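Quick caveat: nothing in here was measured; it's all calculated off a predicted structure. Lettering of chains follows the sequences in order, A, B, ..., and the numbering in each one begins at 1.
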Amino acid sequence: MDIYAEMKALVDAAIARLVAEDALPGGLDLGAVTVEPPRDPAHGDMATNAAMVLARPAKAAPRAIAEALAGILAEAPVVVSAEVAGPGFLNLRLDPGRWFATVPAILAAGRDFGRSGAGGGRRINVEFVSANPTGPMHVGHVRHAVFGDALASLLDFAGFDVTREYYINDGGAQVDVLARSVHLRYLEALGRAVEFPDGTYPGDYLIPLGAELAEKHGESLVGTDHEEWLPDVRDFATEAMLALIREDLASLGVTMDRFFSERSLYGTGRIEAALAALEARGLIYEGVLEPPKGKLPEDWEPREQTLFRSTAYGDDVDRPVKKSDGGWTYFAPDIAYHFDKIERGYDELIDVLGADHGGYVKRMKAAVAALSDGKVPLDVKLCQMVRLFKGGEPFKMSKRAGNFVTLRDVVEQVGPDVTRFAMLTRKNDAPLDFDFDKVLEQSKDNPVFYVQYAHARAQSVLARGAAAGIDTSDAALATAVLGGLGAPGESRLIRKAAEWPRQVESAAAAHEPHRIAFYLFDLASEFHSLQHQGKLDPELRFIREEAPETSRARLALVRATQVVIAAGLGILGVTPMEEMR
RNA sequence: GGCCCCGUAGCUCAACCGGAUAGAGCACCUGACUUCUAAUCAGGAUGUUGCAGGUUCGAGUCCUGCCGGGGUCGCCA
């Protein structure tokens with residue numbers, strides 16, 4: 001029921017007819033043909049660039065093609081006029097009734113309006129957060145969590161079969177450090193005097209773990225060689241940290257479908273299998289890397305290593321998979337992990353990483369391209385820093401975790417809904433300023449509030465309608481006669497709401513959930529504007545007791561707007577508010 | 001030095017696989033509340049899209065080079 005998709009189909013059909021009539025050559029690529037709302041509404045309801053895109057391959061003048069298309073499209077019942085403009089744009093005006101039809105369509109579909117089959121049920125894996133299991137999540141992870149979760153929801157809404165996945169970095173030295181840190185807390189719980197050397201985790205959150213160990217094991221872990229207690233303490237601590245992380249995620253409303261342990265790749269032959277798959281393609285060799293250009297690290301010396309020929313897939317240099325001591329680099333298990341995802345049958349992969357991982361992107365894409373023979377695209381979304389402010393001043397907080405602001409600090413102060421929306425008001429690759437005061441401000445300066453207010457205001461209007469004796473159920477409103485909705489503000493609002501399906505598709509295609517937030521702001525703006533026109537001109541009030549049918553039509557539009565806002569907020573993981581007091 | 005990201009109005013940012021006269025909010029000025037919540041709305045002013053080339057019917061968007069900011073660069077994860 002996407003009006004834009006419908007018109008695109010009409011345009012495609014018109015082109016096909018011209019081809020059948022030999023007015024255009026066959027085999028044209030229609031991929032670049034778009035139907036979109038013109039920037040200037042005076043140009044009409046919709047514009048297509050078809051004639052300009054096809055002019056070159058068809059070896060014909062764009063305006064001539066446009067005229068031919070206009071002739072065909074004008075025959076369609078929904079098209080009121082088709083005019084050629086500028087270099088070959090084709091501007092279409094539609095029967096207002098077609099626009100009105102959007103309203104009952106929204107009411108019938110509810111929050112599923114705009115749900116799309118664009119994904120075709122393709123399986124897509126979104127890996128995000130993947131924080132080291134060494135402590136509570138901090139504010140940087142919040143953005144990753146919200147972004148990844150909203151992207152996953154967006155893709156689900158756009159028809160993909162989505163898996164949310166968390167890669168547990170439990171294979172490296174940092175979980176050993178965690179174990180040592182917990183052991184120190186354990187000694188402390190037994191009354192020993194302890195110091196936390198540099199590199200250990202001094203956060204308070206490990207104190208209960210130490211106490212728990214003391215309770216369970218008494219003195220038995222004291223003084224023994226660390227090799228004896230370390231594996232057990234490490235597993236115990238890692239599991240506890242994961243529980244903490246799950247709670248943190250849950251407080252933001254994020255639930256992972258799967259947690260994947262890096263450790264599970266070691267000693268099981270899986271890393272070896274992944275590298276064997278690369279080797280079978282001739283992409284693994286022993287060699288010596290060139291020293292980095294420019295400033296040379298002081299201790300640099302040439303060394304033979306096991307290398308992955310990532311340059312065969314667009315990387316700048318080949319990448320080591322083994323360290324000089326023979327152990328795996330971080331890259332090796334990550335190759336195996338992505339190999340596992342490919343073997344699980346995903347059609348597409350997405351990794352959400354911090355911007356500091358920018359140098360890692362090419363090699364990972366190379367590995368995935370090699371292991372899937374180019375069949376599984378990997379998109380890496382890099383999230384930039386979150387800068388915290390309070391009242392306009394840079395903000396630092398030292399609380400339960402040592403020296404960083406935790407996810408809980410944020411969520412407890414401003415709530416999950418505000419946190420989520422605010423984190424999505426910027427595209428992922430731009431830094432984001434998060435001000436504890438501004439996100440709670442109740443003004444149009446704050447998009448979080450502005451959109452919520454529109455939803456609540458719609459609720460209030462509907463309640464007043466019901467009080468005036470109008471049946472405001474969706475089923476009842478869907479029967480409203482909409483022909484009277486001709487006011488400019490009403491037309492704009494209907495058109496904006498009708499854009500929802502294509503906004504979903506384009507945001508999903510670009511993997512950019514922030515577009516949903518911006519769209520909702522625009523939609524809310526049209527709604528607030530229309531609402532206010534009723535104050536200036538009583539004829540335009542949503543509810544006019546002397547004109548019940550007009551009131552019904554307007555309430556149908558109000559409800560449709562509210563439904564779209566709720567659907568959009570749903571994708572962002574934000575609960576719509578029904579009142580703001 | 002190599003690579004990646006960013007550079008758009010005074011400020012914070014949009015701009016839908018390249019589309020018509022580059023849009024919002026803030027700030028500034030003017031106006032609208034016995035309210036369907038003025039927590040809002042209407043109007044005004046604001047640009048060499050960092051610079052220089054190139055491709056194209058058309059470039060903020062793509063390509064090349066430069067400038068500025070950030071990130072990253074074997075034996076961290």
Side-chain angles (χ1 to χ4, degrees), chain A residues 31-32 34 36-40 43 47 49 52-53 55-56 61-62 85-89 91 130 132 169 171-174 262 288-297 299-303 305 307 315-317 319-320 322-327 329-331 333-334 354-362 382 384-385 425-427 429-431 433 441-447 449-450 453 456-458 460-465 467-468 499 502-503 505-507 509-510 512 514-515 518-519 521-522 525 528-536 541-544 551 554-555 558 579-581:
Chain A
T34 60
E36 40 190 31
R39 188 170 279 156
D40 183 350
H43 290 140
N49 61 356
M52 290 177 293
V53 169
R56 176 182 287 264
F89 283 102
N91 293 326
S130 300
N132 292 340
N169 289 134
Q174 78 281 29
E262 177 192 359
V288 180
L289 283 176
E290 293 288 315
K293 306 268 197 254
K295 269 177 286 178
L296 207 58
D299 59 346
W300 202 91
E301 52 186 78
R303 199 170 274 148
Q305 290 176 292
L307 300 169
D315 202 357
D316 308 302
V317 291
R319 304 293 179 175
K322 273 189 184 175
K323 299 191 276 200
S324 57
D325 66 3
T329 60
Y330 177 81
F331 188 36
D334 214 5
D356 57 342
H357 287 67
Y360 197 66
V361 174
K362 282 187 180 180
L382 299 177
Q384 275 288 355
M385 299 271 295
T425 54
R426 211 100 310 168
K427 57 187 167 206
D429 50 13
D433 292 348
E441 201 172 281
Q442 300 206 332
S443 78
K444 69 178 305 188
D445 191 18
N446 177 10
F449 165 76
Y450 188 75
Y453 181 36
R457 207 175 211 184
S460 168
V461 171
L462 289 166
R464 293 209 176 231
E499 272 182 38
R502 66 188 298 277
Q503 292 285 352
E505 286 193 11
S506 71
E512 290 185 347
H514 76 275
R515 290 192 197 178
F518 282 99
Y519 167 77
F521 185 86
D522 287 347
S525 179
H528 285 310
S529 173
L530 182 59
Q531 196 275 164
H532 192 78
Q533 282 166 35
K535 292 186 187 305
L536 306 177
R541 292 168 74 85
F542 292 132
I543 300 165
R544 293 173 57 212
S551 301
R554 289 177 178 166
L555 288 178
V558 169
E579 60 177 354
M580 301 300 289
R581 295 176 202 277

Quiz prompt | Check ion pair A/Arg515-A/Glu512 (N to O, under 4.0 angstrom) | solution = yes

How would you label the contact of [X] with the nucleic acid (heavy atoms, under 4.0 Å): base, sugar-phosphate, or nothing?
X: A/Gln533; result: nothing
X: A/Gln174; result: sugar-phosphate
X: A/Glu301; result: base

d([atom1], [X]; [atom2], [N]) in whole Å:
X: A/Tyr360; N: B/C73; atom1: OH; atom2: P; value: 12 Å
X: A/His528; N: B/U40; atom1: NE2; atom2: P; value: 7 Å
X: A/Leu536; N: B/A42; atom1: CG; atom2: P; value: 9 Å
X: A/Leu530; N: B/U40; atom1: CG; atom2: C1'; value: 13 Å
X: A/Phe449; N: B/G25; atom1: CZ; atom2: P; value: 16 Å

Practice problem: Give the stems involving RNA chain B, where a stem is 3 or more consecutive Watson-Crick or G-U wobble pairs (i with j, i+1 with j-1, and so on) under 3.5 Å. | Solution: B:1-7 with B:67-73, B:10-13 with B:23-26, B:28-32 with B:40-44, B:50-54 with B:62-66

According to a strict under-4.0 Å criterion, is [X] in side-chain N/O contact with OP1 or OP2 of [N]?
X: A/Tyr450; N: B/C26; result: no
X: A/Lys444; N: B/A27; result: no
X: A/Ser529; N: B/U40; result: no

Self-check item: Separation of A/His514 NE2 from A/Asp429 CG (nearest 0.5 Å)
Solution: 8.5 Å

Practice problem: To the nearest 0.5 Å, tell me how far A/Leu289 CG sits from A/Arg319 CZ. | Solution: 8.5 Å

Practice problem: Measure distances between side-chain N and O atoms of A/Arg56 and base N and O atoms of B/C57, and say whether any donor-acceptor pair falls under 3.5 Å. | Solution: no

Practice problem: Mark up nucleotides 4-20 of chain B, 5' to 3', with B wherever a protein heavy atom is under 4.0 angstrom from a base atom, S wherever such an atom reaches only the sugar-phosphate, and - elsewhere. | Solution: SSS-----SSSSBB-BB

Exercise. On RNA chain B, check which nucleotide each of A/Glu262 and A/Arg319 is closest to and give me the residue with the more 5' one.
Key: A/Arg319

Quiz prompt | Upstream residue (5' side of RNA chain B) when A/Asn446 and A/Ser324 are each assigned their closest nucleotide | solution = A/Asn446

Exercise. Quick one: sort the A/Phe331 and A/Tyr360 rings into parallel, tilted or perpendicular, breaks at 30° and 60°.
Key: perpendicular

